[in-house]
Amino acid sequence: MSRAFNFCAGPATLPEAVLKQAQSEMLDWRGTGMSVMEMSHRSDEFVNIAETAEQDLRELAGISDDYAVLFMQGGASSQFATIPLNLLGDKTSADYVNTGIWSKKAIAEAKRYADVNVAASSEDTGFTTIPEQSVWNTRADAAYLHYTPNETIGGLEYDFIPDSGDVPLVADMSSTMLSRPVDVNKFGLIYAGAQKNIGPSGLVVVIIRKDLLGKARQQTPTMMNYQVIADNGSMYNTPATYSWYLAGLVFKWLKEQGGVQAMGEINARKARKLYDFIDGNDFYANPIDPRFRSWMNVPFTLADDALNSEFLKGADARGLLNLKGHRSVGGMRASIYNAMPEEGVDALIDYMAEFAKERG
Ligand SMILES: Cc1ncc(COP(=O)(O)O)c(C=O)c1O
């Protein structure tokens, strides 16, 4: 069976070259006679895999020595609690911007630990836009300002980095990490669940400015304490070794593609093509303010919801998989992360055009 174009929002498609390399190294990693999965995380071989992955990520994202890079577990969702537990310090309040379902989840969890101020929200628009920063009600005494640069479910993406002044800026970059160049120096902390642009699910990458380490509340579980994880090279316990290795292969692949600059150009082109097609065809619609349309997750509806299952069936038959929108919003969603080739987007557009012609 040949590989399909998989538009899943996550776990998402991985570069074929990466999967092939992992396959070829599965039984015997470079003459060691064993799989990476079977290696001690303390072995020279694995430590080298881990350090190389971190180094490649630092190069790709332009992460200076002022930041620690942590390879943690529990997905991005575990960070919703880990962040307040570590960053509140002697403060009690934190600012959050609510632009969709992932922001809301982060807010709900933070409320268990912090006095959360929702500095701005676009809920009244159905999360179709992002409030201008001039109307945000941020607080100078907040321990940090949290936002979600790309709302994976809604398909809503910031086209600016908020200015948080002296307050550390915290970003859930799960679905936009490494999709285009970003100035890491503007952030106190960046976190990203791996299963979109990095690797297998479960792994979460945390990039934290070193001066923010060491402030964890006394009751913070050891495994959630950034200082402990940093001091132990993300190996306080047994890390997710195979996921870390695969992430490393993805980083190498990204470097071969020309890094995040080249990726950003390709991603912009892929997204533009798809939105242009949707806008130019009466049969399809995307509800998001054009300025804030996501490059990574493109939700769209058909003129008649009754045709949804037929659309999905036809897509499946062509090897265009996982186009069903999130259960909370319905419709369709095409996730077009780094590993989705431009031909995948072209094939989707061809199918959409044909379907609209037949059924529109
Ligand atoms: C923006 C965003 N944040 C957080 C999460 C949760 O990630 P995880 O399932 O790794 O906990 C997701 C998952 O899709 C996401 O898209």
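FYI, the numbering just counts along the sequence from 1. Remember, it's 1-based here, ligands and their atoms both numbered in the order they're listed. Here the structure is a predicted model, which means the values were calculated and not measured.
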* Going by an N to O cut-off under 4.0 Å, is there a salt bridge joining Asp211 and Arg209? -> yes

* Structure fact -> Among Ala9, Ala76, Gly193, the residue with a heavy atom nearest to atom 8 (P) of ligand 1 is Ala76

* Pull out every atom of ligand 1 sitting under 4.0 Å from any heavy atom of Phe80, numbered as shown with elements. => 4 (C)

* Asked: What is the minimum heavy-atom distance between Ala12 and Asn6, and which atoms define it?
  -> C-ND2, 4.5 Å

* May I ask you to identify, for Tyr191, whether its side chain, its backbone, both or neither come under 4.0 Å of ligand 1 on a heavy-atom basis? => neither

* **ligand 1 versus Ser77: contacting region, heavy-atom distance under 4.0 Å** => both

Exercise answer: donor-acceptor pairs, residues 309-317 side-chain atoms, under 3.5 Å, sequence neighbours excluded:
residue: Glu310; atom: OE1; partner: Arg359; partner atom: NE; Å: 3.2
residue: Glu310; atom: OE2; partner: Arg359; partner atom: NE; Å: 2.3
residue: Glu310; atom: OE2; partner: Arg359; partner atom: NH2; Å: 2.6

* Asked: Are Glu45 and Arg30 close enough for a salt bridge, meaning some N to O gap below 4.0 Å?
  -> no

* Could you list which atoms of ligand 1 come closer than 4.0 Å to a heavy atom of Gly75? => 10 (O), 11 (O)

* Asked: How far is atom 14 (O) of ligand 1 from its nearest protein heavy atom, and which residue and atom is that?
  -> Lys196 NZ, 2.7 Å

* To do: Considering heavy atoms of the protein only, find what lies nearest to atom 3 (N) of ligand 1 and give residue, atom and distance to 0.1 Å.
  => Asp172 OD2, 2.6 Å

* Asked: Against heavy atoms of Gln195, which atoms of ligand 1 measure under 4.0 Å?
  -> 7 (O), 8 (P), 9 (O), 10 (O)

* To do: Please confirm whether Tyr96 and Tyr144 have ring centers closer than 6.0 angstrom.
  => yes

* Asked: If you link I, L, V, M, F, W and Y whenever their side-chain heavy atoms are under 4.5 Å apart, who else ends up in the same group as Phe127?
  -> none

* Which ligand 1 atoms, with their elements, are less than 4.0 angstrom from a heavy-atom of Ser174? -> 1 (C), 2 (C), 3 (N), 4 (C), 15 (C)

* Numbered atoms and elements of ligand 1 in range of Thr152, under 4.0 angstrom, heavy atoms -> 1 (C), 2 (C), 15 (C), 16 (O)

